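Remarks on the structure that follows.
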Amino acid sequence: MENLEIARMLAETGDLMEIGGEDGFRIRSYRNAASVIEGYPERIADILNDPARKVTDIQGIGKGIAEALKEIVTRGSFARRDEMLEKYPPTALEMLRIQGLGPKTVRTLWEHFRVSTLEDLERLCREHKLQDLPRMGAKLEDKILKGISQYRQSAGRFLLNYASAAAEELGEYLGATPAGSFRRGRETVGDLDLLVTGENAEAALAKFVQHPRVHDVLGQGTTKASALFGLEGLQVDVRAVPAESYGAALQYFTGNKEHNVALRQRAQKMGLTLNEYGLFKVSDETRVAGATEEEIYEALGLAWIPPEMRENQGEIEAAEKRQLPELIELEDLRGDLHMHTRESDGRATMEEMAEAAKAMGYEYIAITDHSKALAMANGLDEARAVQFAAQVREFNKEDRGIRIFSGLECDILRDGRMDLSEDALAELDWVVASVHGYMNIETPEMTDRLLRCMESPSVKVLGHPTGRVLLHREAYTYDFDRVAGEAAKRGVWMEVNASPERLDLSANLLRRAKALGVKFTISTDAHHPKHLANMKYGVKMARRGWLTKDDVMNTRGVAKFAAAVRK
DNA sequence: GCCGTTTTCGGCCCGACTGTTTTCAGTCG
C-alpha cells in the first residue's frame, strides 16, 4: 500500500463523514493526516512494519489515525471507512466531485431521492425535481448538469504525478520503458503504455500480471498484457518487443496518431513502409531501420524529434530542415520562483524550503505566500509583507549557499488592482500576480482585469495564467493574445505552473505566447518541500510548448536573474 | 481526531459569493 493510496482513503473517509454531517474538526483531522501522508518522504507501510518506529511521531497522526493506518495496511480498509460506506454509497463520493455540489446537497439528495448515480442525478435535474426541495432551484439544476458533463469529460483520465508514480514503480519492476501520451508529457493520461524488450520480455508480461497491485487482468498473450493497476484502476498495457524492433515499437506506441500517420506517409513517398516492427523497403521488404528511434528518423531524412513535440504541429517540417528548437531540460533550471510556507497555506518554513531547494542544486528561490484576499490561506497583509521582506534581507546577509527572493503571490482583485498597496509591493523582490476568485466573469471583463494588473510596476509574472485545474475546472476565458502581447510589451513574464493539478499554461498557449515575444518562468507552486520535485512536469509542459532554455528566465544564474528582475 | 498543555480539555483559518430567500444555507477557495 503506497502513501498516495492511504492518503486517498483517509481523505475519502473525511468526505463521507462530511456528507454524514459529522464534526468538522474531526473531518479536518482526517484530511490533514491525508495531506501529511501524501507528502511524507517515507512509506508509511514501512514505518508501521518497523517495531522501532512510531507513526504517531509524525505531526498530524495521533492514536486514532494510527489505528486506522494499521488496519489499512493489513486489510485495505478501516472500520470508520466501512461504517461510512454502509451509510452512503461510494457513488456519493463521485457526486462530491461535481462543481457546485457539496456534502449537504449530496446528503439531502440521498435522503430524499436515494440518488446514487450520476445518471439518476442527471434525470432529476432534467425533470426539475430538485426544485421540490427547499433552497434548490432551476439555477442549481443547470449548474449540476453542467458540472456532470464537465466531470464526464475528465473521468477515466489520470494526472501526470499518478501516472508517473506507476510508471516508475512498474518500470523498475519490469525493466520497462514508458511510451504513449505519458512519454509525450500530456498533462493527463488515459492509460499507461510500457515496453519491454530483450530475452526476458515475454517473462516480464507474466511478472507484470503477478504484481501485487495489478488487478483485473484484461488480457495476456505473448506480446501484450493489459491490466488495471492500483486503487484508482489506471489501465496499463505492457508490450514485449524484439530488440531489432524496439525503436520502431517505441516510436509507434509513443505517437501521437497524427504524427505517426505523417511519418508513414513520408516513408511511403520514399518507397518505404513503417510499422511497429521497423522501417522496410517496399520493393524487397528488407529492413532499413528499427532498433532505435534515431535510426528510423534518420532513415526518413529527419532529425530525432523529442517525444513532447510529436503532435504533427510542424515538428516534422522543422526536423527535416534541421531546425528543431533545442528544448529546455530539467537540469537547466537554477531556481524555483513560486512556493508557499506556513505563513500562508504551505506546510514548511522558509528555511526548510530553502534547504530542500539547495539540496536540489538550485542557486535561488522565491518564497511567494498568498496575499490577504485569500483569507482562508491566512494571506499576508501589507504589514506582514513588509516584515517578511526584511526577514529575507536578514537571511541573505549570510552566505547560505542559496539566495532567497522575497516574493508574494498577490491576488488580482476583480477590477484588476493588486490586493496589496504599491508601497508594500515595492518592498518585495518578486511579485507573482494570480487570480483566485471571480473566475466566472465575462471574457471582456477578465481581459481588462489582466491587462490592468500589469499596470502595477511591481508585477513580474502572471501566476498560473489560465487558472485551470486539471480534471476539475476549466480555464477562465479572456483574450489571450491581447494579454500575452501586453505582457511581452511590458516585460511581464508568464508562469508555467508545474503543479500536476495545473500545468498552466498549456502547450498551445505557450507556443502562442512565445510567438508574441513573452518570456516565461517554470515554478512548482510547492506547498511542501516534496513538491519541489514537481519541476519535471513543468519542464515537460514547457517542452511541449517548444520552449528553449533562453525562453525561461529561471535558467539564468542568480546574478543575471536578479538583474533581469530589477529591470 | 489532533495538539498542547498552566497535562485529559478546549481550541482548531473564515470571508465572499450565489441562489435561494426575505435572513441565510451551501459552496468555494
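The structure displayed is predicted, hence computed values, not measured ones. Proteins get letters first, then strands, A, B, ... in listed order; numbering begins at 1 in each.
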query: When you check every protein heavy atom under 4.0 Å of nucleotides 20-29 of chain B, what one-letter string (B, S, -) results, 5' to 3'?
result: B---BSSSSB
- line: Each nucleotide of nucleotides 2-9 of chain B classed B (base within 4.0 Å of a protein heavy atom), S (only sugar-phosphate) or -, in 5' to 3' order, makes SSS-----
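The salt bridge (Lys or Arg N to Asp or Glu O under 4.0 Å) check on A:E83 picks up nothing, with sequence neighbours excluded. For A:R80, the salt bridge (Lys or Arg N to Asp or Glu O under 4.0 Å) partners at least two apart in sequence or on another chain are A:E22. For A:E445, the salt bridge (Lys or Arg N to Asp or Glu O under 4.0 Å) partners are A:R414, not counting sequence neighbours. Qualifying side chain to side chain donor-acceptor pair (under 3.5 Å) partners for A:T447, counting only residues two or more places apart in sequence or in other chains: none. Evaluation of the side chain to side chain donor-acceptor pair (under 3.5 Å) rule for A:D82 yields A:R75, A:S77 as partners, not counting sequence neighbours. Annotation: salt bridge (Lys or Arg N to Asp or Glu O under 4.0 Å) contacts of A:E18 (sequence neighbours excluded): A:R31. For A:D504, the side chain to side chain donor-acceptor pair (under 3.5 Å) test picks out A:T466, with sequence neighbours left out.
Neither OP1 nor OP2 of B:dC17 sits under 4.0 Å from any side-chain N or O of A:R414. Phosphate proximity of B:dG1 to A:R80: present, with a side-chain N or O under 4.0 Å from OP1 or OP2.
With rounding to whole Å, A:Q131 atom CD is found 14 Å from B:dG19 atom P. Distance, A:K372 NZ to B:dC14 P: 18 Å, rounded to whole Å. Rounded to whole angstrom, the span from the CD1 atom of A:I441 across to the C1' atom of B:dC17 amounts to 14 Å. Rounded to a whole Å, the CZ atom of A:R31 is 19 Å from the P atom of B:dC12. Here B:dG11 presents its P atom at 14 Å from CG of A:D23, a figure rounded to the nearest Å. As a whole-Å value, the separation of A:H370 NE2 from B:dC14 P is 17 Å. For the pair A:F78 CZ and B:dG1 C1', the interatomic distance rounds to 11 Å; values are reported in whole Å.
Across all strands shown, B:dT8 forms no Watson-Crick or G-U wobble pair with both key distances under 3.5 Å.
One C1' atom belongs to B:dT5, the other to B:dG11, and the distance between them is 12 Å to the nearest Å. Distance check on atom C1': B:dG1 versus B:dT8 gives 14 Å, rounded to whole Å. Distance noted for atom C1' between B:dT23 and B:dT18: 15 Å (whole Å). Across B:dC13 and B:dG19, the matching C1' atoms stand 25 Å from one another, rounded to whole Å. Rounded to whole Å, the separation between the P atoms of B:dT27 and B:dT21 comes to 15 Å. When the C1' atom is used for both B:dG15 and B:dT22, the distance is 22 Å, rounded to whole Å. Atom P of B:dG26 sits at a distance of 14 Å from the matching atom of B:dT20, rounded to the whole Å.
Applying the side chain to side chain donor-acceptor pair (under 3.5 Å) definition to pairs two or more places apart or across chains, those involving residues 51-60 of chain A are A:E42-A:R53. Applying the salt bridge (charged side-chain N to carboxylate O under 4.0 Å, His left out) test to residues at least two apart or on different chains, the pairs with a partner in residues 92-121 of chain A are A:R107-A:E111, A:E119-A:R152, A:D120-A:R123.
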task: Evaluate the criterion ring pair (Phe, Tyr, Trp, His ring centres under 6.0 Å) for residue pair A:H436 and A:H464; output intermediate values, then yes/no.
output: CA-CA 10 Å; A:H436 289 115; A:H464 45 72; 5.1 Å; yes
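Contacts with DNA chain B (heavy atom under 4.0 Å) in residues 415-425 of chain A: none are found.
Note: A:Y362 OH to A:L532 CG = 7.0 Å, rounded to the nearest 0.5 Å.
Taking a cutoff of 4.0 Å between a charged side-chain nitrogen and a carboxylate oxygen, A:E168 and A:K536 qualify as a salt bridge.
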